[in-house]
Amino acid sequence: MPGAAAAAVVDSRLCTQHAEGPAAVLAIGTANPANIVYQDGFADYYFGLTKSEHLTELKDKMKRICHRSGIEKRYIHLDDKLIREHPEIIDKHMPSLETRVDIVSTEVPKLAESAARKAIAEWGRPTTDITHLIFSTYSGCSAPSADLKLASLLGLNPSVSRTILSLHGCSGGGRALQLAKELAENNRDARVLVACAELTLICFSNPDESKIVGHGLFGDGAGAIIVGAGPLVDEERPLFEMVLASQTTIPSTEHALGMQTTASGIDFHLSIQVPTLIKDNIRQCLLDTFRSVGNMDPNWNDLFWAVHPGGRAILDNIEGELQLQPAKLAASRHVLNEYGNMSGTTIAFVLDDLRRRREKEGDQHQQLEWGVMLAFGPAMPGTATAAVVDSRLCTQHAEGPAAVLAIGTANPANIVYQDRFADYYFGLTKSEHLTELKDKMKRIYIVTTEIPKLAESAARKAIAKWGRPATDITHLIFITYSGCNAPSADLKLASLLGLNPSVSCTILSLHGCSGGGRALQLAKELAENNREARVLVACAELTLICFSNPDESKIVGHGLFGDGAGAIIVGAGPLVNAERPLFKMIVASQTTIPGTEQALGMQTTGSGIDFNLSIQVPTLIKNNIRQCLLDTFQSAVHPGGRAILDNIEGELQLQPAKLAASRHVLSEYGNMSGTTIAFVLDDLRRRREKEGDEHQ
């Protein structure tokens, strides 16, 4: 039950207790696997491990790539022992996705734990003082996800607010720090643990011309950063203060970087155009960021630099385009040399190296006050720029609490009535179309195309009710379990709606039925911590991704879940034009019920997503809902199933009408996972508008 997420939605006004001043990095920890592979011997290691030594021309090309990479060594979890235990990993004719997912599901949280314990030790406060956890990884394709497992390993409080980011690629660390900044500044005394961990095992493959550059570049590692804002306590000291964070998407670059889940793991695509794309756009991206804080003509050499070392060519191009002095990218080049590119994790290593250099310099040199952190991700949405500085500048907070300003919903055209579902389902699984449905690549292609389109339909309804242009949206949060590839659904939706390239995008993909609630929690933080921000929350699900033949263990889910999309626009005061609050959000909390990791889950397999839904779920909710609600008032209930609603109604002795909106949505649409809460809120607001003055 990682998703026992409760959000209080109310109609009165109560101001959030903001922090004092900007968020700051308070501690950093890093970790790597024990296995070291030196770059000058990597070609022999790689081609020997995959039994591909007969591919002499390709091996020679790998040697040339390694020689020019600027890398001396990398840490890689995969070794001979693992290959002997799981030979399917190097057999392209055998499915190996489930094997890989099983391994990384255990090892990624353990590696992150090692980095997190170092950061916590440096921080000097107990782990129970951590209020929020953000975990970024592309190596996670299952739920319960790595954030829940890390929280358990560290002994964090059950009330810790968790967010998992899984499709941001190399920009994941930067995006996680952006969110940590919002959380720390918008919640007085909040302390956010940002954890990133990657194992290249999930994308390891036999030598191939199209993938050889990536195999010569990426390594394994974990990073942890603790973020907080004033007032600081005890021995806390800011290593870097974060004044501003921005994100820019370079148009028409969807195919430059990407990843696709296949039966043999995650297939990465890395275009040779990436260094040039960054070179051609980096200056304008930085100018836009600095001008937003009043620095109209920055001198790039008057800054310190923490740049994600995506590769030697990327660093060379940034240095050349901005005419940086060679020492400016020394930290990034040193991390690339010692570890390779560890995807989103790498930025933690760069910040750690940079702070050590600055501490070592001490009073020998005047410390530069302003700096820049840069990271880059799939479809280049991760030209995510965060100004990391040592001076204090207050965020412009909104006035009052965040509010839901508009809601839109959408469903596919196909309707299946529940009393005929058994005939429909059993007939469908015997049809000639079954071959296509069981083909994983076909499923991914369908959901990759249809999920953003379904979300667009809901979003356009919400935008029309809102009454302002789509270009006024500043942030986009997209929640779906149906997306297993990058560029992800958030980027595609932003393009379909014509949002600004500067819109800040977040994709959440492993939160299940609590996803809509978690997205609204994040939207609340973003709206309240950024004056005039307007956040579009989009949720969409297609059960096609988990459709399967009849099976005793899955038949309950097939009789319960449906497809749909919801969109909610969230903002905070001052409201403009015809904006009016439908619901105001006073407080949002999240509770994990201990020992329930096996009650709900999903696993990515070669045949789609395999869901686990225990019959114990309604009882677990019944036994814990009262204690959860003693701390947080909840008025809109996700209709996970009839038994769940019955148990909540009985345990809290609610009048039958109290869950009328939830029961109506369940009756009309079924359980659409995280999307469903948008339908419940929409139904609830219609009921309240219809009642008008008839009732208080």
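Hydrogens, waters and symmetry mates play no part in the numbers below; they use all other heavy atoms, side chains included.
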Task: Distance-minimising heavy-atom pair for Ala256 and Leu277 - done: CB-CD1, 3.7 Å
Open item on the list: Quick one, Phe47 and Pro207 - any side-chain contact, counting heavy atoms below 4.5 Å?
Closed with: yes
Open item on the list: Let's go through Asp353 and Arg357 carefully: what are the C-alpha distance in whole Å and the side-chain angles of both, what is the deciding distance for salt bridge (Lys or Arg N to Asp or Glu O under 4.0 Å) to 0.1 Å, and is it a yes or a no?
Closed with: CA-CA 6 Å; Asp353 187 279; Arg357 290 171 183 267; 2.4 Å; yes
Task: Candidates Phe218, Tyr339, Phe349 - the one meeting ring pair (Phe, Tyr, Trp, His ring centres under 6.0 Å) with Tyr75 - done: Tyr339
- [ ] Please work out whether the ring planes of Phe42 and Tyr45 are parallel, tilted or perpendicular, with thresholds of 30° and 60°.
- [x] tilted
TODO: Would you please test Leu217 and Ile71 for side chain to side chain contact (heavy atoms under 4.5 Å, CB included) and show each step?
DONE: CA-CA 8 Å; Leu217 178 63; Ile71 300 171; 4.0 Å; yes
- [ ] Please name all residues satisfying salt bridge (Lys or Arg N to Asp or Glu O under 4.0 Å) with Lys51, sequence neighbours left out, ordered by chain then number.
- [x] none
Task: N/O donor-acceptor pair under 3.5 Å between Ser69 side chain and Cys66 backbone - done: yes
Open item on the list: Do Lys63 and Asp44 have side chains that approach each other closer than 4.5 Å (heavy atoms only, starting at C-beta)?
Closed with: yes
Task: CG on Leu542 to OG1 on Thr480, rounded to 0.5 Å - done: 7.5 Å
Open item on the list: For Gln323, is the CD atom crowded, meaning more than 12 foreign heavy atoms sit under 6.0 Å from it?
Closed with: no
Open item on the list: Give me each pair satisfying salt bridge (Lys or Arg N to Asp or Glu O under 4.0 Å) with a member in residues 23-43, each pair once, sequence neighbours excluded.
Closed with: none
TODO: Check whether any side-chain N or O of Arg74 sits under 3.5 Å from a backbone N or O of Gln39 as a donor-acceptor pair, and report yes or no.
DONE: no
TODO: Indicate yes or no for a side-chain donor-acceptor contact from Asp91 to the backbone of Pro87 under 3.5 Å, with no hydrogens or angles considered.
DONE: no
- [ ] Find out whether Val503 and Thr249 are in side-chain contact, i.e. whether some heavy atom of one side chain is under 4.5 Å from a heavy atom of the other.
- [x] no
Open item on the list: Please report the interatomic distance CZ(Arg100) to CD1(Ile103), rounded to the nearest 0.5 Å.
Closed with: 8.5 Å
TODO: With the side chain counted from C-beta on, respond yes when Leu58 and Ile212 share a heavy-atom pair under 4.5 Å apart, and no when they do not.
DONE: yes
TODO: Quick one: do Gln178 and Ser504 satisfy side-chain hydrogen bond (donor to acceptor under 3.5 Å, both in side chains)? Show the steps, please.
DONE: CA-CA 10 Å; Gln178 283 183 289; Ser504 181; 4.5 Å; no
Open item on the list: Holding to salt bridge (Lys or Arg N to Asp or Glu O under 4.0 Å), I want the full list of residues that pass it with Arg117, two or more places apart in sequence or in another chain.
Closed with: Glu113
TODO: Check the pair Ile314 / Val274 against side chain to side chain contact (heavy atoms under 4.5 Å, CB included), numbers first and verdict last.
DONE: CA-CA 8 Å; Ile314 289 175; Val274 169; 4.1 Å; yes
TODO: Side-chain contact test, heavy atoms from C-beta onward, threshold under 4.5 Å: evaluate it for Leu201 versus Asp220 and give yes or no.
DONE: no
Task: Residue pair Thr56 / Glu53: nearest heavy atoms and the distance that separates them - done: CG2-O, 3.8 Å
- [ ] Kindly indicate whether the side chain of Leu508, heavy atoms from C-beta on, has any atom under 4.5 Å from the side chain of Ile164.
- [x] no
- [ ] Look up atom CG in Leu78 and atom CG in Leu49, then write down how far apart they are to the nearest 0.5 Å.
- [x] 5.5 Å
Task: Name of the residue among Leu179, Thr137, Ile507 meeting side-chain contact (heavy atoms from CB on, under 4.5 Å) with Leu165 - done: Leu179
Task: Minimum heavy-atom distance between Ser136 and Ala176, given as atom pair plus value - done: CB-CB, 4.5 Å
TODO: Would you name the heavy atoms of Ile134 and Ala180 that are closest together and state the gap between them?
DONE: CD1-N, 3.6 Å
Task: Pairwise side-chain contact, Thr163 with Asp147, heavy-atom cut-off 4.5 Å (strictly under) - done: no
TODO: Under the salt bridge (Lys or Arg N to Asp or Glu O under 4.0 Å) rule, collect the residues that match up with Lys328, sequence neighbours excluded.
DONE: none
Task: Phe204/His215 aromatic ring centres below 6.0 Å - done: yes
TODO: Taking Asp80 for its side chain and Ile83 for its backbone only, find out whether a donor-acceptor pair lies under 3.5 Å.
DONE: no
- [ ] Answer with yes or no whether the side chains of Ser210 and Asp208 bring together a donor and an acceptor at under 3.5 Å.
- [x] yes
Task: Side-chain (Ser509) to main-chain (Ser166) donor-acceptor, under 3.5 angstrom - done: no
Open item on the list: Give me each pair satisfying salt bridge (Lys or Arg N to Asp or Glu O under 4.0 Å) with a member in residues 333-346, each pair once, sequence neighbours excluded.
Closed with: Lys73-Glu338, Asp316-Arg333, Glu319-Arg333
Open item on the list: I'd like to know if the side chain of Glu198 reaches the main chain of Cys170, judged simply by a donor and an acceptor atom lying under 3.5 Å from each other, with no hydrogens or angles considered.
Closed with: no
Task: Distance in Å, Ile65 CD1 paired with His67 NE2, rounded so as to fall on 0.5 Å steps - done: 12.5 Å
- [ ] List the steps, then state whether side chain to side chain contact (heavy atoms under 4.5 Å, CB included) holds for Leu193 with Leu154.
- [x] CA-CA 11 Å; Leu193 171 60; Leu154 294 174; 3.7 Å; yes
Task: Side-chain donor-acceptor contact under 3.5 Å, Arg175 with Ser171 - done: no
- [ ] Answer yes or no: is there a side-chain heavy-atom contact under 4.5 Å between Gln247 and Cys505?
- [x] yes
Open item on the list: Angle between ring planes, Trp300 versus Phe290, binned at 30° and 60°: parallel, tilted or perpendicular?
Closed with: perpendicular
Task: Set of salt bridge (Lys or Arg N to Asp or Glu O under 4.0 Å) partners for Lys118, sequence neighbours left out - done: none
Task: Backbone of His77 reached by a side-chain donor or acceptor of Asn35 within 3.5 Å - done: no
Task: Minimum heavy-atom distance Ala195-Leu133, with the two atoms named - done: CB-CD1, 4.5 Å
TODO: Apply the test salt bridge (Lys or Arg N to Asp or Glu O under 4.0 Å) to residues Glu107 and Lys110: give CA-CA distance (whole Å), side-chain angles for both, the deciding distance (0.1 Å), then the verdict.
DONE: CA-CA 5 Å; Glu107 298 301 327; Lys110 286 167 59 178; 3.5 Å; yes
TODO: Inspect the contact between Glu85 and Lys81 and indicate whether a charged nitrogen and a carboxylate oxygen are less than 4.0 angstrom apart.
DONE: yes
- [ ] Looking only at non-hydrogen atoms, find the nearest pair between Pro33 and Leu111 and report the distance.
- [x] N-CD1, 3.9 Å
Open item on the list: Measuring from atom CG of Leu476 to atom CG of Asn500, what distance do you get when rounded to the nearest 0.5 angstrom?
Closed with: 12.0 Å
Open item on the list: Nearest 0.5 angstrom please: Thr30 OG1 to Ile225 CD1, how far?
Closed with: 10.0 Å
Open item on the list: Donor-acceptor pair, distance only, cut-off 3.5 Å: does the side chain of Glu122 make one with the backbone of Ile28?
Closed with: yes
Open item on the list: Evaluate Lys61 against Glu209 for side chain to side chain contact (heavy atoms under 4.5 Å, CB included), listing each step before the verdict.
Closed with: CA-CA 9 Å; Lys61 182 176 181 179; Glu209 184 77 27; 2.2 Å; yes
Open item on the list: Looking at Arg64 and Asp60, is any side-chain nitrogen of the basic one under 4.0 Å from a carboxylate oxygen of the acidic one?
Closed with: no
